[in-house]
Every structure is written in C-alpha cells, then in structure tokens.
Amino acid sequence: MRISNFILVIDSYLVRKGLVSILNRIQGVRILKEFGADQSFMAYLENHPVDFIIIGQSGFDRSFDLFLSNPGLLEKTILLQDFTIDGPPGKPPASDVQASIHLMEDREALNGKIEKLLGQHNEKNPDNRSMKLSPREITILRLVCGGLTNRQIAEKLFLSAHTVITHRKNISSKLGIKSVSGLTIYAIVNNIITIEEVNLNPDR
Amino acid sequence: MYRVVLENLQLLPLLPRFNLKPGFGDKSVDEVCKSHGVNTDFFLEIANAYLDELYVPGEGLSLFSLDTMVNYIISTHKYYTEVALPSVASKINRLMDQSALSEKEVNLVTLFFSDYKKDFLAHISQEEKHILPYVIELERQSKMEEPDPAFIQKLKTYSIREFEQEHDRLETSLKHLSELIIKYLPPFDDIQLCHQVLNDLSTLMKDLVDHAEVEDKVLIPRVAELEKKLLNRESPA
C-alpha cells in the first residue's frame, strides 16, 4: 500500500488531535507533523516530501498570500472549513484548493473524502511497491511456490530463463518479500495457492 | 519510575533497550535513568512516542543529537535480535512440536521463520554497517570548521533519501504468518501457546512499525536537512 504524507495546520488542539486520531485509522495515511497557530509549516514544506496539507480556515486565511503565489501548494491543500466564513479580502476562493472538509462532517463522509483523495493521488503517482501483481507474475509465483526451478518455469511458459528471473525480481520488489518461503506464505494467504499445492523444494 | 511502568506495561519491551530492568524500588524516573547513564529527556520522549497513539514527532526528538538517536536504534536492533526474535522463534518451534500439523505445514512455518530471521539480520547489518556510520560521520563533519573535501564530494552524489526508498517493511511478513495461523492452519491443541505466539507476533509488528516511524519521520528528515545545510555551506550554488 502506498503511503501518502500529511501535515496538519490547525490552531485548535482538540480539533487537531481529533483529526489525527481519525486519520490514523485510514490506511495509507502518514502524518509527518502537526502545526498549531504558527506559520513554520512553510519552512517545513521545503525540506519534506509532503503530499497533503490539511489546514484550518483561520490558518489558511492568515497565510492566504503565500497560497495565492503558490499553485503547487493549493493542489496539496485540504481546507478544513469551520464557521468563520469571511476571511481577509482577496483570499483565494476555497474552490481553488484540492478539496475541503467541514468541521461538522460526519465520519463516513470524512473517511470517504480522504480515501478518494488517496486513490486519486495514487493513480497520479504510481508506486512500484504498491502495484498489484500482473496475471503473468501470479502464474510465475504459483509455479515458484509449487517447487519449480527458474529453468523449469521458463520451459513450461516458453520464456527465457532471463525473463523468468526478471519477473521474479519484480515480484519480490513489488511485495517487499525476498525469500521463497515468505513468497509462499504470501501466496497462501492471498489464495493464489493452497497449502497442499506447496512444494518446498530445498534444492532451489 | 515503578508507577510509570506499572501503569503502562506496554513499556516493558522498551526497557531492555536502555539497559533498564524492573526492580526500581522508589527511585524516580530521573534517578533510574541517571544511574544507568540514560538521558532522561530522551527516555521520556521515546516512552511517550511509544505509548501515545496520537503522537506525531514534533520538536521533542529533534533536540537530541543524531548520535543519541543512532545509539538508540542500535540497541533496539539488539533487542530484536537477542530478545524478541529468539523468544518468538522458540515459541513457534514448540508450537510446531506439539501440533497435529502435516510435515509440509511444519516445514513451511519453520523454514519461513528461519528465512525471515536471515532477511531481518541482513537488513539490520546493512543499516549498521552503511547507514548509521554515515549518519554519525555526517554529524561529525558538520560540526567541523573545515569538513573533509572527500566527504563533501561524496555528499554530492549520495543522499539518505535513497535509503528511504529501499527501506523494506519488515512487519508485512509477520502479518502473513499470523494470518496463516489464524485462517489456514488447523486448530492447535495448546491454546495458550498459540495465543502467546500470536500476541508476540503482534507486539513485534507494532514495535517494528513504531521503529520505522522513528527512522522515517525523525532520523531521515533530520539527516536530509543536515546534508543540505552542509552542502550549501561548503559549495554554495
């Protein structure tokens, strides 16, 4: 699963911690840092790979000129709207930010919005690691767990041994699992192979 | 100190990393830490991070030298390799001995765990041999008036961010193993032992996640920042 990095810029401690607790339950969210009522988050952004900024209405209003001059920033911004509707004159319209959530949002709507954003973000920035195995790779994984050597797999699938090795490297890097036994357990718990079909050939 | 631990037993796995053992008497946290040569503030910061699910690393851990952090990381590795892994490995072996599993199932689990240990050790030794010494050297060089030009040259082509990209997640395979036990293997007779194994795996998983957080959220950003500062200072654009 690809992880997206968040920072929170929210004045209210209560609201901030509440949001941290909700976000922590959503898979794929990593909160890098939280900020209260100061602007140091701008400096932080320069040095850290932040994907999303959730910022409260008042924080947004305070630094609206910074946001105005930085369209890249608006793209990352999720505005947390509260009841203060009017900001300073000339502030960017809320419609320019990537998304907005409201203080009174219920749990499901909030989760839904965040998950949707994560999904869009993942599509735009595919990550090798989180990609699913291709049908070809699943076939090869099944044969590996069934005890076949690279050469046997190559013969069976009419591939070169070199191609099989490349596939196996890709499988390992996608799953982050190197050993055959680790791959086998992955294949079992993902219903790619049954325990009965496993062949732990020690000679490979 | 005793009250802190008594009320937060989740801290137990943390104690060996600081060479602390229960049997604290009436000593305060500060007294216990001082008598073991532990930086009290650092201990408290790590303990809070460990306990607080809502913890997001803030200024706290940035106050300590990278050297302190590296030492903590090394002693955490030591805890994994000398305490946590052997303990769960021996429980798994006992569970396998007493079970009605087929030979294939037993071999699979046993082989899996020994491979897992191998990968784990390789991961740790890569970190300790290459990454951590680099971090220490970086901190040392950045304190010098005239850093070694060879080191600066190296900095231009290497960054800690590369390490982040190849930072494997060690906990994923443990989750698969738990799933295998809960869903795919037949029930075990020794319920107590089976539960212990699952509990140990879950504790270790959580610990590994927390540990990776310390590395990813605190260590790496700080190192990256220091790299940048040193480069700007020594070869301004």
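Order of the sequence lines sets the chain letters (A, B, ...), proteins ahead of strands, with each chain counted from 1.
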Report task. Return yes if a side-chain donor-acceptor contact under 3.5 Å exists between Asn39(B) and Tyr72(B), otherwise no. Result -> no
Query raised in the report: Is chain A contacted by the side chain of Lys118(B), its backbone, both, or neither, given a heavy-atom distance below 4.5 Å?
Result: neither
Report task. Go through the atoms of Glu225(B) and report whether side chain, backbone, both or neither lie under 4.5 Å from a heavy atom of chain A. Result -> side chain
Report summary line: Applying a strict 4.5 Å limit to non-hydrogen atoms, the region of Ser173(B) in contact with chain A is side chain
Query raised in the report: Do any pairs count as a ring pair (Phe, Tyr, Trp, His ring centres under 6.0 Å) and have a residue in residues 159-190 of chain A, sequence neighbours left out, and if so which ones?
Result: Tyr186(A)-His176(B)
Query raised in the report: Is it the side chain or the backbone of Asp119(B) that comes within 4.5 Å of chain A heavy atoms, both, or neither?
Result: side chain
Query raised in the report: Which one, Ile185(A), Leu23(A), Leu8(A), Asn5(A), leads in non-hydrogen pairs under 4.5 Å with chain B?
Result: Ile185(A)
Query raised in the report: Can you list the steps and then say if Ile188(A) with Thr194(A) is a side chain to side chain contact (heavy atoms under 4.5 Å, CB included)?
Result: CA-CA 6 Å; Ile188(A) 295 171; Thr194(A) 63; over 6 Å; no
Requested in this report: Would you kindly check if the NZ (Lys) or CZ (Arg) of Lys178(A) is within the cone defined by 45 degrees around the ring axis of Tyr116(B) and under 6.0 Å from the six-membered ring centre?
Outcome: no
Requested in this report: Check the angle between the aromatic planes of Phe67(A) and Phe41(A) and answer parallel, tilted or perpendicular using the 30° and 60° thresholds.
Outcome: tilted
